[in-house]
2 protein chains.
Amino acid sequence: MSLPHALLGLLAVRPRSGYELTKAFERDLGRYAWQAGHTSIYPELNRLAGAGLAEVTHEGPRGARTYAVTPAGRAELRTWLLTPPKQAKVRNEQVLRMFLLSALDPADALVVLRRIAESTDQGVTELRKIREEHAAAPVTGAEGFGQLAAEYGLRQYEAVRGWAHWAIERLEREQGADGAAENP
Amino acid sequence: MSLPHALLGLLAVRPRSGYELTKAFERDLGRYAWQAGHTSIYPELNRLAGAGLAEVTHEGPRGARTYAVTPAGRAELRTWLLTPPKQAKVRNEQVLRMFLLSALDPADALVVLRRIAESTDQGVTELRKIREEHAAAPVTGAEGFGQLAAEYGLRQYEAVRGWAHWAIERLEREQGADGAAENP
DNA sequence: TAATTCATGTAAATCGTTACATGATTAT
DNA sequence: ATAATCATGTAACGATTTACATGAATTA
């Protein structure tokens with residue numbers, strides 16, 4: 001159960017409302033690391049506040065409440081980050097699909113792989129552009145957050161992209177070899 | 001909910017018992033793609049059999065039942081693999097930890113990063129060895145499964161490893177710059 | 001003023017994990 | 001004989017998702 005720590009981590013960067021946290025999950029965190037919807041986030045914020053790990057620091061229009069992490073929350077987050085479990089829980093549907101790809105015949109597998117190659121080509125291009133734009137920015141605490149994470153996301157994309165192209169080439173060579181087997 | 005498809009995919013490679021499937025999740029699938037314990041696997045196998053997507057083909061000692069995927073199950077798996085959702089579900093505690101790393105002060109972050117670097121160095125070495133050992137093997141259907149997945153796992157490890165070393169160097173340079181700021 | 005976005009919540013249903021439970025076979 | 005491993009299950013609890021619900025503020 002990592003949701004509370006994900007929330008504490010985001011609040012440690014800067015205070016936010018539940019609504020803003022929800023959007024952070026949709027954009028960055030949820031794409032690579034941990035997804036959660038507002039229906040888990042709001043109750044969890046209440047629990048964190050009840051436990052003294054977060055607190056409401058500001059109330060805005062439309063009942064918006066800005067939460068900040070407390071010193072106790074910061075300590076909890078630090079402990080959690082410094083004591084990782086041996087085997088972390090992994091559940092990634094995209095990766096699962098890649099692992100099961102060989103259950104398809106090569107023609108079908110190629111369709112899927114080409115789609116992956118295309119979308120990761122695009123993803124790499126986008127993320128590289130974003131990185132170049134922010135390359136000049138200072139590297140202090142809160143901003144460092146985005147940069148470490150962005151670099152991680154980019155390298156992840158590049159790895160999948162490289163793998164997809166490698167797999168395509170491999171499958172194509174195999175198919176080519178089948179077709180050309182009769183004439184040496 | 002991808003568990004049924006994960007099971008169909010494994011059974012598509014070759015028929016197995018629930019016990020063997022459980023171990024496959026512990027070893028390969030669960031490390032990178034999708035974790036599941038026997039308490040989800042056994043009931044799910046019964047559901048798949050009830051739905052005609054899998055069937056018991058053999059009964060061994062100790063009540064062991066070997067399941068195989070049916071033609072309907074193969075069709076279901078194919079459909080699932082060929083129609084991916086826009087946004088797949090991701091939940092990876094390890095990656096979450098990396099995303100939240102910048103919430104720590106640089107000294108603590110370096111501790112965690114060095115641990116990651118060490119364990120991925122090791123992982124890359126291990127997986128490379130395994131790959132070399134199997135490099136000579138033929139690349140037909142069922143074995144291809146392992147090879148695509150193994151390559152994916154290796155590249156994933158290498159990406160994390162590269163990122164960790166990059167982040168360490170960056171943080172060390174930052175700290176070094178702080179310390180040397182007084183004497184130009 | 002109508003539509004959109006902001007902003008928060010609850011309830012029911014589904015899904016997953018942990019703990020509990022049992023017994024057969026094989027290895028020491 | 002004893003321990004380890006094989007092999008399957010159920011029940012209770014906790015976490016997550018989906019559907020439902022509401023209203024304030026902003027934009028067109």
Side-chain angles (χ1 to χ4, degrees), chain A residues 1-8 10-11 15-27 29-30 33-51 54-68 80 85-93 96, chain B residues 1-8 10-11 15-27 29-30 33-51 54-68 80 85-93 96:
Chain A
M1 215 252 306
S2 315
L3 177 60
H5 297 103
L7 292 173
L8 290 174
L10 288 174
L11 292 178
R16 290 176 233 222
S17 68
Y19 188 81
E20 291 172 297
L21 288 165
T22 301
K23 292 208 300 187
F25 273 91
E26 275 164 21
R27 283 199 203 112
L29 261 200
W34 203 267
Q35 45 134 36
H38 79 277
T39 54
S40 343
I41 292 170
Y42 287 120
E44 187 60 45
L45 282 172
N46 283 326
R47 271 196 294 277
L48 289 172
E55 61 186 350
V56 177
T57 56
H58 178 74
E59 309 222 354
R62 281 172 289 201
R65 264 160 299 150
T66 302
Y67 287 85
W80 182 76
K86 313 104 206 88
Q87 263 274 83
K89 318 235 170 256
V90 171
R91 199 157 266 175
N92 189 323
E93 195 183 308
L96 177 62
Chain B
M1 213 254 304
S2 316
L3 178 60
H5 298 104
L7 292 173
L8 289 175
L10 288 173
L11 292 179
R16 290 177 233 221
S17 67
Y19 187 82
E20 291 173 296
L21 288 165
T22 301
K23 293 209 301 188
F25 273 90
E26 276 166 20
R27 284 198 202 113
L29 261 200
W34 204 267
Q35 45 133 38
H38 80 277
T39 54
S40 341
I41 293 170
Y42 287 120
E44 187 60 46
L45 282 173
N46 283 325
R47 273 196 291 277
L48 289 172
E55 59 185 350
V56 177
T57 56
H58 178 75
E59 310 223 353
R62 279 172 289 203
R65 263 160 300 149
T66 301
Y67 287 84
W80 182 77
K86 315 102 205 91
Q87 263 274 81
K89 318 235 170 255
V90 171
R91 199 156 264 175
N92 188 324
E93 196 182 307
L96 176 62

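Per chain, numbering begins at 1; letters A, B, ... match sequence-line order.
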When rounded to whole Å, the CD to C1' distance for the pair Glu59(B) and dA24(C) reads 15 Å

Carefully, step by step, assess Tyr42(B) and Leu21(B) under the rule side-chain contact (heavy atoms from CB on, under 4.5 Å). CA-CA 9 Å; Tyr42(B) 287 120; Leu21(B) 288 165; over 6 Å; no

Using a strict 4.0 Å threshold on nitrogen-to-oxygen distance, state whether Arg47(B) and Glu44(B) make a salt bridge. yes

Quickly work out the Glu26(A) CD to dA7(C) P distance and round it to whole Å. 13 Å

Which parts of nucleotides 16-21 of chain C does protein reach within less than 4.0 Å, heavy atoms only, written one letter per nucleotide 5' to 3' as B for base, S for sugar-phosphate only and - for none? SBBB--

5'-most by nearest nucleotide on DNA chain C - Pro61(A) or Pro43(A): Pro61(A)

Going from CE on Met1(A) to CD on Glu93(B), what distance comes out if it is rounded to the nearest 0.5 angstrom? 10.5 Å

Rounded to whole angstroms, how far apart are CZ on Arg62(A) and C1' on dA24(D)? 6 Å

Grab the CG-P distance between Leu45(A) and dT8(C) for me, whole Å please. 8 Å

Taking every non-hydrogen atom, the tightest pair across Arg16(B) and Leu10(B): NH2-O, 3.1 Å

Which whole-number value in Å describes the distance from Glu20(B) CD to dT5(D) P? 17 Å

If you measure from OG1 on Thr22(A) to CG on Leu29(A), what distance do you get to the nearest 0.5 Å? 11.5 Å

Heavy-atom side-chain proximity of Leu96(B) to Lys89(A) below 4.5 angstrom: no

Spacing of Tyr19(A) atom OH and Arg65(A) atom CZ [to the nearest 0.5 Å]: 15.0 Å

What's the closest nucleotide to the Arg65(A) side chain, out of dT10(C), dT8(C), dT8(D)? dT8(C)

Does dT8(D) have its OP1 or OP2 closer than 4.0 Å to a side-chain nitrogen or oxygen of Tyr42(B)? yes

Round to a whole Å and report the spacing from CG of Leu21(A) to P of dG9(C). 12 Å

I want to check one thing: is the phosphate of dT8(C), taken as OP1 and OP2, less than 4.0 Å away from some side-chain N or O of Tyr19(A)? no

Just the rounded figure in Å: distance from P of dT8(C) to CZ of Arg16(A). 13 Å

Could you state the atom-to-atom distance from CZ of Phe25(B) to P of dT8(D) in whole Å? 14 Å

